[in-house]
K.L.:
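Here's a structure for you.
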Amino acid sequence: MKHYLQFNDLDAEEYAHLFERAAHIKRKFKAYEKHHPLVDRTLAMIFEKASTRTRVSFEAGMYQLGGSVVHLTTGDSQLGRAEPIEDSARVISRMVDLVMIRTYEQARIERFAAHSRVPVINGLTNEFHPCQILADIFTFIEHRGPIQGRTVAWVGDGNNMANTWLQAAALLGFKVHVSTPRGYEIDEKWTAGARDVGTESYRFFADPLAACAGADLVTTDVWTSMGYEAENEARKRAFADWCVDAEMMAAARPDALFMHCLPAHRGEEVQADVLDGPQSVVWDEAENRMHAQKALMEYLLLGRDA
């Protein structure tokens, strides 16, 4: 049994399989061909953080695989009350085949997984967002081919997305140029983890324009992630020069793509002409959450026998 709690939980060969399966599953979806390998399987979705894309992509995806879904929040279950998370894991995992959790601290999902009898998927934590990077890399491969040897520019907050990009780069053989405002850098414990795997997988830039130079992909996220709303005004001031604009995209390669995990705030972390421009693949990226996660759920439950 495998869990998917951070990007490093799978290896490069397994990712190659997932990207191939995601493409196959997506082709069948577009051709209106049924693909029901998970008939009679049930996914429990646990949300301690609100969601749009994560809920729709997992719920629709599980139904499209022939399975069913149970949706839980802290407001309608014991998760928000006094029951220890370990006990919730023991009970829930006896009734379903797969669990997806979107929560705050990574430690919470790790505690749940340690007491679960079924695979657990990280739908987002403060520290990591592996399903999003899985979808982003799949989207890049669709548009530009293999990501190995390419350069990704991360412009903005040193958050869960940035942490996960570093893991992915070290594991899959590409580079990340990271530019964050002072005081919002990636935590060194995450960079140390990437350094253990490959010393050439990332580089930090004080100037976001320099980070974008020669990049094959420019990507960003909101300046204020969920749970940090009290810092919103301070972050707007600190991040003012980290808005992805036409000048940054011009510094990247001519065929560079732009991605954003959404929701986006036009005029803050990205200008509207970039988000809605010809280099943007954000809508393909959003749809691909569903296809990549379908491949992931299929693999966690059936291995390569699907």
Side-chain angles (χ1 to χ4, degrees), residues 2-23 26 49 51 53-54 57-58 61 100-102 106 109 121-144 146-178 180 186-187 190-191 193-194 197-198 201-202 215-222 225-226 257-264 269 281-282 284-297 299-300:
K2 287 180 177 288
H3 299 301
Y4 193 60
L5 308 184
Q6 52 183 290
F7 202 87
N8 281 346
D9 283 341
L10 301 180
D11 61 29
E13 185 180 358
E14 289 173 302
Y15 279 113
H17 170 76
L18 286 184
F19 297 137
E20 181 180 336
R21 288 299 295 171
K26 184 174 181 178
K49 279 189 174 184
S51 169
R53 276 151 291 277
T54 297
S57 60
F58 270 106
M100 186 283 298
I101 303 178
R102 183 178 172 97
Q106 182 76 10
I109 197 170
I121 297 173
N122 181 351
L124 175 144
T125 62
N126 290 346
E127 292 83 1
F128 296 112
H129 199 356
C131 288
Q132 182 65 57
I133 303 305
L134 177 69
D136 290 0
I137 295 174
F138 174 55
T139 305
F140 185 91
I141 292 169
E142 273 194 326
H143 285 267
R144 295 291 184 263
I147 199 168
Q148 288 81 0
R150 303 298 191 109
T151 299
V152 175
W154 175 263
V155 177
D157 192 18
N159 63 7
N160 53 3
M161 287 285 292
N163 294 338
T164 310
W165 271 116
L166 288 190
Q167 287 194 343
L171 188 61
L172 300 183
F174 61 93
K175 297 183 179 180
V176 181
H177 289 177
V178 178
T180 67
I186 294 174
D187 191 310
W190 309 129
T191 63
V197 181
S201 62
Y202 65 89
D216 299 280
L217 167 63
V218 178
T219 184
T220 190
D221 193 5
V222 295
S225 297
M226 196 177 302
L257 300 176
F258 172 77
M259 292 188 193
H260 190 306
C261 61
L262 304 177
E269 72 274 7
V281 291
V282 297
D284 290 341
E285 177 189 5
E287 178 188 338
N288 281 340
R289 278 287 301 276
M290 181 175 71
H291 302 303
Q293 289 164 185
K294 284 192 286 187
L296 175 66
M297 291 189 289
Y299 178 65
L300 293 176

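Every heavy atom of this structure was used, including side-chain atoms; hydrogens, water molecules and symmetry mates were not.
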K.L.:
To check you understand the geometry: which heavy-atom pair defines the closest contact between G123 and R289, and what is its length?
P.N.:
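Scanning both residues completely, I find the closest heavy atoms to be O-NH2, 4.4 Å.
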
K.L.:
Would you say the side chains of T220 and E269 form a donor-acceptor pair under 3.5 Å?
P.N.:
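Looking only at side-chain atoms, E269 and T220 do not form any donor-acceptor pair under 3.5 Å.
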
K.L.:
F58 and S51: side chain to side chain contact (heavy atoms under 4.5 Å, CB included), yes or no, with the steps?
P.N.:
CA-CA 11 Å; F58 270 106; S51 169; over 6 Å; no

K.L.:
Would you name the heavy atoms of S201 and A169 that are closest together and state the gap between them?
P.N.:
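Shortest heavy-atom separation between S201 and A169 comes out as O-CB, 3.7 Å.
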
K.L.:
Is any side-chain heavy atom of F128 less than 4.5 Å from a side-chain heavy atom of L5?
P.N.:
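No, every pair of side-chain atoms sits at 4.5 Å or beyond.
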
K.L.:
Supply the atom-to-atom distance T54 OG1 to Q132 CD, rounded to the nearest 0.5 angstrom.
P.N.:
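So the gap between those two atoms works out to 7.5 Å.
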
K.L.:
As an exercise, state the distance from CD of Q148 to CD1 of I141, rounded to the nearest 0.5 Å.
P.N.:
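Spacing of CD (Q148) from CD1 (I141) equals 7.0 Å.
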
K.L.:
Taking the side chain as every heavy atom from C-beta outward, state whether F174 and D216 have any atom pair closer than 4.5 Å.
P.N.:
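No, side chains not in contact.
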
K.L.:
Heavy-atom distance under 4.5 Å between the side chains of D221 and H260, does that happen here?
P.N.:
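Touching, per the 4.5 Å side-chain cut-off.
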
K.L.:
Does a donor on one side chain sit under 3.5 Å from an acceptor on the other, for H143 and D284?
P.N.:
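A pair is found: one side chain offers a donor N or O, the other an acceptor, under 3.5 Å apart.
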
K.L.:
Rounded to the nearest 0.5 Å, what separates atom OG1 in T219 from atom CD in E285?
P.N.:
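The distance works out to 6.0 Å.
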
K.L.:
Do K26 and N288 touch side chain to side chain, with heavy atoms closer than 4.5 Å?
P.N.:
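Yes - at least one pair of side-chain heavy atoms lies under 4.5 Å apart.
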
K.L.:
With rounding to the nearest 0.5 angstrom, report the CD to CZ distance, E14 to R21.
P.N.:
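Result: 14.5 Å between the selected atoms.
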
K.L.:
If only atom types and distance count, is the side chain of N163 paired as donor or acceptor with the main-chain N or O of L166 below 3.5 Å?
P.N.:
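Judged by distance alone, no pair lies under 3.5 Å.
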
K.L.:
Looking only at non-hydrogen atoms, find the nearest pair between S57 and Q293 and report the distance.
P.N.:
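Taking S57 first and Q293 second, the nearest heavy atoms are OG-NE2, 2.9 Å.
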
K.L.:
When you compare the side chain of M259 with that of L217, does any pair of heavy atoms fall below 4.5 Å?
P.N.:
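Yes, at least one pair of side-chain atoms sits under 4.5 Å.
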
K.L.:
Closest heavy-atom contact between A22 and A295?
P.N.:
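Taking A22 first and A295 second, the nearest heavy atoms are N-CB, 3.7 Å.
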
K.L.:
Tell me whether the centres of the aromatic rings in H291 and F138 are closer together than 6.0 Å.
P.N.:
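No, they do not, as the ring centres are separated by 6.0 Å or more.
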
K.L.:
I'd like to know whether CD of E20 has more than 12 heavy-atom contacts from other residues, nucleotides or ligands below 6.0 angstrom.
P.N.:
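Atom CD in E20 is not crowded, with 12 or fewer foreign heavy atoms closer than 6.0 Å.
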
K.L.:
Can you check whether N122 reaches Q6 side chain to side chain, under 4.5 Å on heavy atoms?
P.N.:
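Answer no - side chains too far apart.
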
K.L.:
Considering only heavy atoms from C-beta outward, does the side chain of I147 approach that of Y15 to under 4.5 Å?
P.N.:
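No, their side chains stay 4.5 Å or more apart.
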
K.L.:
Is the backbone N or O of F140 less than 3.5 Å from a side-chain atom of R150, with the two atoms forming a donor-acceptor pair by type?
P.N.:
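Side chain of R150 to backbone of F140, a donor-acceptor pair under 3.5 Å: no, none is there.
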
K.L.:
Can you tell me how far apart OG1 (T164) and CD1 (I133) are? Round to the nearest 0.5 Å.
P.N.:
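Nearest 0.5 Å value for the OG1-CD1 distance: 5.5 Å.
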
K.L.:
Provide the closest heavy-atom pair for A12 versus L171 in the form atom of the first, atom of the second, distance.
P.N.:
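Taking A12 first and L171 second, the nearest heavy atoms are CB-O, 4.0 Å.
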
K.L.:
Kindly say whether E127 contributes a backbone atom to a donor-acceptor pair with the side chain of Q106 at under 3.5 angstrom?
P.N.:
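Absent.
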
K.L.:
Going from CG on D9 to CD1 on I121, what distance comes out if it is rounded to the nearest 0.5 angstrom?
P.N.:
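It is 11.0 Å, given to the nearest 0.5 Å.
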
K.L.:
Do the side chains of T125 and N160 get nearer than 4.5 Å, heavy atoms only?
P.N.:
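The answer is no, as the side chains (C-beta and beyond) never meet within the 4.5 Å cut-off.
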
K.L.:
Give me the atom names and distance for the closest heavy-atom approach of Y4 to L296.
P.N.:
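Taking every non-hydrogen atom into account, CD2-CD2, 3.4 Å.
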
